[in-house]
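For reference, the structure is listed below as structure tokens.
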Amino acid sequence: MEKVFNPAEVEKRIYEKWERSSAFIPKVPTKKQNHQTTKQPFTIIMPPPNANDPLHIGHTREVATQDALIRYHRMKGEPTLWLPGADHAGIETQFVFEKKLSKEGKSRSDFDRNTLYQMIWDYVQQNMHVMEGQLRALGASCDWTRFKFTLDPEIVKIVYRTFQKLHEDGLVYRGERIVNYCPRCETAYSQLEVDSVERDDQLYYLDYGPVTIATTRPETIFADVAVAVNPKDKKYKDLIGKTAIVPIVNREVPIIADELVDPDFGTGALKITPGHDPTDFEIGRKHDLPPISVIDKKGRMINVPEAYLGLKPEAARDQVVADLENKGKTKKTEKLHHVVGVCYKHKTPLEPLLHEQWFLKVEPLVKKSLAAMDKGEVKFTAPRFEKTARHWYENLRDWNISRQIVWGIRIPAWRCEKCGEWAVTEGETPERCNKCQGKNLVQDPDTFDTWFSSGQWPFATLQTAQKGDFEYFYPTSVMDPAYDILPFWVIRMLMLGLYATGEVPFRTVLLHGLVRDKEGQKISKSKGNVIDPIEMVQKYGADALRVATIWGALVENDNSLSEDNVRGQRNFANKIWNIARFVLMEKRDLKSKISDLKSSNEDDRQILRELDSTIQIVTKALDAYRLNEAVEELYEFVWHKLADVYLEKTKSRRAEAQPILEFVLKDSLKLLHPFMPFVTEATWEELGEKEMLISSPWPAAK
RNA sequence: GGGCGGUUAGCUCAGCGGUAGAGCGCUGCAUUCACAUUGCAGAAGUCAGAGGUUCGAAUCCUCUACCGCCCACCA
């Protein structure tokens, strides 16, 4: 044995050995066996990383966490499945690709839809293997034979089917609504893809005849259809039912009453612009006032007097403000500090616009999800995340699932050009319109929101991986993404999983924290504190990096990663290796069994007692997802109790202690294996064991 | 404005009702006998503050002060 454990030399070989041996593939019992004494399966569907991106340090923690659970349950003899995959990450990936195009002086409009799609497809295929190679380098013991990509045809088919079912059940509808539209990205976003920034704007008090209204967006006055006041507001009581006059265009509009108006804001009178404001849209619908659009999808003024036509809204605002002042219609202005929605990609202000989209009616699905949580069918390891999930469900609005991009699953809906009726299918082009028999059907150019398809991931993967997988492995055991995608993904998986299968998609939700830098700062490119996991693996070994991401903080909490810590864990791996070197220096009795371990020596008895207690603590900690506790306990036992104390004491009676030393080392390797798979397997090899450690049984306390 | 957390040794964090813990860092000593990617010894904390519950509180409750994170259609 080398004096120092060299991870770079063994990791690749060991990973290949595991993979070749089919150790990652679960042994699914036959039905007959399953009725007897076979253990329950343990399943984790891996949150699919973005196919186009290399893994970041956060993925290391995710892999370390899930792989530890997977290896532990596998060693306990449960049929264990960890299903890997990749996500097409619609908007993210299309934007990265468009950036690349723009560097070449091109844009998406230079290509037709199919060409663009194919180009992105090729680009993603090129990069997908990077991520897979990195998962291997980290030691992820996932079942590659069941690998899935969110755009695999069989997955797409499932997504189509779900959409069609939702449509049939009336849970999905086509609606013209105010959506958050980014004129720069030329797509609409959902509630979740909107960031907020605080800003100072002018609040203009404008003369609308009998009333004065306050607005930050004077350029939208061309789209005004009413003025609204709160019905309880005494000062306007007599004006309700009368008319106000929109300045510049001198249009008469009704003065209406609606409780959505806050009497304490501005003058208590609100101009109603249903085409460009969500609240106004709602008020407009209640009062049967049709919306008018004066800003188009490229962010230009339309349907307005010549002087403003084609201007960007900001320019139009300046113009309108000037004209209002000339006409003496501006009563006063004041500064307003408020929050505006911006595009989460570019931070450009979003334009609330009318747009036809597919919406998912969320309420019935929310109800079922909450009920499943009430009944304990899904459990959160941290109560605070359950609170967050409930809070989300209670505030969720209908979900806009259409995106105006190419990269994704195209919505299987066709509109009849003749009568306007929509036909939704499981993917095949319909022959004719169901309503008018018209033959001219045009497919919706939009694609699904990525989260709509990934929300179906647990059942979509299992229904298409191998025959019988869904029946055997679903509902899965643990779902473990980072907590920051709880609202994007977890609550959607629960809703869609319950809807499509009638069962929860997972029994336990374990949400892990983020990896931060050594000062506890968030890791970001702009801060320049990114840590490349592969660089760390090459320098210190995968085991060291993995343990460092688990060490020191609860799974659910954020964890600071410092290179010092990684180095410390590398030292620990070396310590393990050197304990084995010490043990192997003595001639060995290969026949020694546990039953031979009756020793009257007090040191022997003590280390065996301590081993027992370690087994108990580690097992209990793993069952409770307290990985840091398990790892810290093992570190203490192996380094300080075994190496520093016991091993030193055996030096005076070396041969006699050999069976105990060997026994304790082997059990220690088993206990450490979920966390440090490479060094433990490499050491196990040196001990001359026939069976691989990955397939060895988990130790039991006496 | 709403929600969720945090405040424990220089740093990063465990502990969550019974005499303050870990890793890293720091200070001394040891020097090659498995490992210097080492060993031994050590310094270091009124557990944010104030009240309360309890025989007993870092741990439970209330309030206060800071610090985070998430959400939000007062135009």
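Naming convention: chains lettered A, B, ... in sequence-line order (proteins, then strands); numbering from 1 in each chain.
No more than 12 heavy atoms of other residues, nucleotides or ligands lie within 6.0 Å of NZ in A:K234, so this atom counts as exposed by the packing criterion.
Look at B:rA36: it lacks any Watson-Crick or wobble partner with both distances under 3.5 angstrom. With a 3.5 Å ceiling on both atom-pair distances, B:rG56 lacks any Watson-Crick or G-U wobble partner. Pair check for B:rA48 finds B:rU64; Watson-Crick or G-U wobble, both atom distances under 3.5 Å. Across all strands shown, B:rC69 forms a Watson-Crick or G-U wobble pair with B:rG3, both key distances being under 3.5 Å.
With hydrogens and angles left out, the side-chain atoms of A:Y236 and A:N230 include no donor and acceptor closer than 3.5 Å.
Taking the six-membered ring where the residue is Trp, A:F572 and A:W639 present parallel rings, their angle staying beneath 30° rather than reaching 60°.
Separation of the A:H355 and A:Y181 ring centroids falls under the 6.0 Å cut-off.
Partners of A:D623 according to the salt bridge (charged side-chain N to carboxylate O under 4.0 Å, His left out) rule, which considers only residues two or more places apart in sequence or in another chain, are A:K76.
With hydrogens and angles ignored, the 3.5 Å screen pairs a side-chain donor or acceptor of A:T215 with a backbone N or O of A:R217.
Using a 4.0 Å cut-off, no side-chain N or O of A:R384 falls inside it from OP1 or OP2 of B:rC70. For A:H391, no side-chain nitrogen or oxygen approaches OP1 or OP2 of B:rC4 to under 4.0 Å.
Contact annotation for A:D280: no contact, since no heavy-atom pair falls under 4.0 Å across all strands. Within the 4.0 angstrom heavy-atom criterion, only backbone atoms of the sugar-phosphate kind lie near A:A553; the bases stay farther away.
Distance, A:L396 CG to B:rG2 P: 21 Å, rounded to whole Å.
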Under a 4.0 Å heavy-atom criterion, the protein footprint on nucleotides 21-37 of chain B, written with B, S and -, is -SSS---------BBSB
